[in-house]
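A short worksheet on the structure shown next.
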Amino acid sequence: MSYKILDGKKTSLSIQQEIAEEVNKIVEAGGKRPHLSAVLVGNDPASKAYVGHKVKACKVVGFESSIVERPSNITENELLQIVEELNNSEEVDGFIVQLPLPSHIDSQKVIEAVSPSKDVDGFHPENVGKMSLGLSTFKPATPAGVMTLLERHGVKTEGMHAVVIGRSDIVGNPMSALLRMNTEPGNCTVTQCHSRTVDLMSHTLQADLLITAIGKPHFVTADMVKEGVVIVDVGINRIDDPSRKSGSRLTGDVDFENVAPKCSWITPVPGGVGPMTIATLLENTLRAANDRS
Ligand code: NAD
């Protein structure tokens, strides 16, 4: 089968261009540029890279951005105080606290301290609840970005059997919730698999749409999927690659080379879901700014 690429890089650039045009209009009309702030705790290179990408994207679309950087020995109270300041800031429209946080900090407590109206990650229980009810709210950037990616490529998901692998609060759970909604894309019959699922392959073989959010390189192999499947690979894994100058490269959860020929559509990694996550965060920030103005 000749497969088509769900091109997250190109789609993200189109969305960024649309947002930049709207920001221009806001500024021309005398309004304030939307402002996204990111709280970065510690020195985790992946977290630093993600925050760096987000700030860079803000520049591209004409947003203000700021990073609040603190060492990993920050106390929970100090972090909660920063969250409170950002909640009350007139300047900041939306902010994220980059996860994971050091183990001495209760991440859930921090998530719940973020004002739902500035929670552009969509992680606050109030926003999660609204999303689950199909109410208008900030949706978590990665699964919402997947929905946009499917929509903008004209992939009709109504009636599909979607199989989601993963049950994290940032990807697997909200992904399943969005796919079962009475929306387009959406209207799927959803099976959600996880680390305790028995006979995973019996489920993946039924998938018309397979979403993987596992974090294990090349986990999904060609014998696990049926012909014509649509695959969205959320996984981002760094593997050794001596042919690269850096000695490593990023890869997804899917054995792309051998699985892609069986697919109708598939995301590349990198260049699939990653850029869509950033585009959606920008969309959420624009919305937060518009709601506040
Ligand atoms: P997580 O570790 O919280 O969740 C992984 C899930 O995989 C778990 O729910 C677990 O039940 C499931 N799992 C693990 N082993 C399994 C097995 N053998 N069989 C079936 N299920 C299994 O991770 P996460 O935060 O959900 O992220 C998942 C992946 O997506 C990671 O690679 C992460 O880097 C990536 N990610 C990408 C983006 C993006 O923008 N593209 C955003 C967030 C996360």
Side-chain angles (χ1 to χ4, degrees), residues 5-9 11-12 15-16 38 44-57 96-101 103 107-108 111 120-123 128 138-150 162-179 190-207 210-221 223-225 231-239 248-256 266-284:
I5 291 289
L6 290 162
D7 189 339
K9 199 171 169 189
T11 310
S12 170
I15 293 171
Q16 289 181 36
D44 176 46
S47 292
K48 278 197 164 185
Y50 291 142
V51 168
H53 291 149
K54 290 165 189 175
V55 166
K56 200 170 147 204
I96 59 166
V97 180
Q98 185 66 41
L99 301 175
L101 291 170
S103 55
S107 300
Q108 192 57 30
I111 287 169
V120 286
D121 257 341
F123 292 165
V128 175
F138 299 118
K139 294 177 189 140
T142 300
V146 170
M147 300 299 274
T148 308
L149 188 63
L150 294 167
V163 176
V164 176
I165 313 180
R167 57 176 164 185
S168 71
D169 289 336
I170 63 169
V171 193
N173 288 342
M175 191 74 254
S176 302
L178 292 175
L179 286 169
V190 180
T191 298
Q192 192 175 2
C193 301
H194 45 76
S195 53
R196 304 293 171 92
T197 296
V198 175
D199 194 4
L200 181 68
M201 194 165 159
S202 68
H203 298 287
T204 57
L205 276 170
Q206 289 180 44
L210 179 65
I211 314 266
T212 61
I214 312 163
K216 294 188 175 163
H218 299 162
F219 182 88
V220 174
T221 48
D223 55 336
M224 292 171 72
V225 302
I231 296 191
V232 176
D233 186 351
V234 181
I236 300 179
N237 309 292
R238 189 162 284 284
I239 56 166
S248 68
R249 71 181 161 91
L250 294 179
T251 188
D253 292 335
V254 177
D255 175 13
F256 186 94
I266 185 167
T267 53
V269 178
V273 177
M276 293 306 298
T277 298
I278 298 210
T280 311
L281 178 67
L282 296 173
E283 286 179 327
N284 282 349

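Each ligand, and each atom within it, is numbered from 1 in the order the structure gives.
Every atom of ligand 1 with a heavy atom of V273 under 4.0 Å away is listed here by number and element: 41 (N). In summary, the atoms of ligand 1 found under 4.0 Å from a heavy atom of G235, numbered by their order in the structure, are 29 (C), 30 (O), 32 (O), 35 (C). The ligand atoms of ligand 1 that sit less than 4.0 angstrom from a heavy atom of I165 are 20 (C), 21 (N). Ligand 1 places these atoms under 4.0 Å from at least one heavy atom of G166: 6 (C), 7 (O), 9 (O). Those atoms of ligand 1 that come under 4.0 Å of a heavy atom in N237, given as number and element, are 32 (O). If you number the atoms of ligand 1 from 1 as listed, the ones under 4.0 Å from a heavy atom of G274 come out as 40 (O), 41 (N). Of all atoms in ligand 1, numbered sequentially from 1 with element shown, those under 4.0 Å from a heavy atom of T277 are 39 (C), 40 (O). Counting the atoms of ligand 1 from 1 in the order shown, those under 4.0 Å from a heavy atom of V171 are 26 (O), 43 (C), 44 (C).
Counted within 6.0 Å of NE2 on H218, heavy atoms from surrounding residues, nucleotides or ligands total more than 12; the atom is thus considered enclosed.
Checked by atom type and distance alone, the side chain of S168 pairs as donor or acceptor with a backbone atom of V171 at under 3.5 Å. Using a distance-only test at 3.5 Å, with no hydrogens or angles considered, no donor-acceptor pair links the side chain of D233 to the main chain of P268. N237 places a side-chain N or O within 3.5 Å of a backbone atom of G252 that can act as its donor or acceptor partner. In this structure, T267 contributes its side chain and G272 its backbone to no donor-acceptor pair below 3.5 Å. With hydrogens and angles ignored, the 3.5 Å screen pairs no side-chain donor or acceptor of Q192 with any backbone N or O of V163.
R167 N, 4.0 Å is the protein heavy atom nearest to atom 8 (C) of ligand 1. Taking atom 19 (N) of ligand 1 as the reference point, the nearest protein heavy-atom neighbour is F219 CZ, 3.6 Å. For atom 6 (C) of ligand 1, the closest non-hydrogen atom on the protein side is A213 O, 3.4 Å. What sits closest to atom 3 (O) of ligand 1 on the protein, heavy atoms only, is S168 CB, 3.4 Å. Of the protein's non-hydrogen atoms, the one nearest atom 42 (C) of ligand 1 is T142 OG1, 3.2 Å. At the shortest separation from atom 31 (C) of ligand 1 among protein heavy atoms lies G215 CA, 3.7 Å. Looking at atom 21 (N) of ligand 1, its nearest protein heavy atom turns out to be H194 C, 3.1 Å. For atom 36 (N) of ligand 1, the closest non-hydrogen atom of the protein is V234 O, 3.6 Å.
Residue contacts with ligand 1 do not include G172, since none of its heavy atoms lies under 4.0 Å from the ligand. K216 counts as a contact of ligand 1, since one of its heavy atoms falls under 4.0 Å from the ligand. Using 4.0 Å as the threshold, I170 has a heavy atom nearer than that to some atom of ligand 1. Residue-ligand proximity: C193 is placed with every non-hydrogen atom at 4.0 Å or more from ligand 1.
Applying the ring pair (Phe, Tyr, Trp, His ring centres under 6.0 Å) rule to F256 yields the partners Y3; only residues at least two apart in sequence or on another chain are considered. Listed by chain and residue number, D223, M224 satisfy the side chain to side chain contact (heavy atoms under 4.5 Å, CB included) test with T221 (two or more places apart in sequence, or in another chain).
Separation of atoms SG (C193) and CD1 (I211) is listed at 12.0 Å; rounding is to 0.5 Å. A distance of 10.0 Å separates CD in E283 from CD in Q16, rounded to the nearest 0.5 Å.
Q206 and S202 share no donor-acceptor pair across their side chains, judged by distance under 3.5 Å alone.
Between I165 and D253 the shortest side-chain heavy-atom distance does not fall below 4.5 Å. Within the 4.5 Å cutoff, side-chain heavy atoms of I236 are placed close to those of Y50.
Looking at I236, T251, I214, it is I214 that brings a heavy atom closest to atom 14 (C) of ligand 1. Looking at P270, S195, G272, it is S195 that brings a heavy atom closest to atom 22 (C) of ligand 1.
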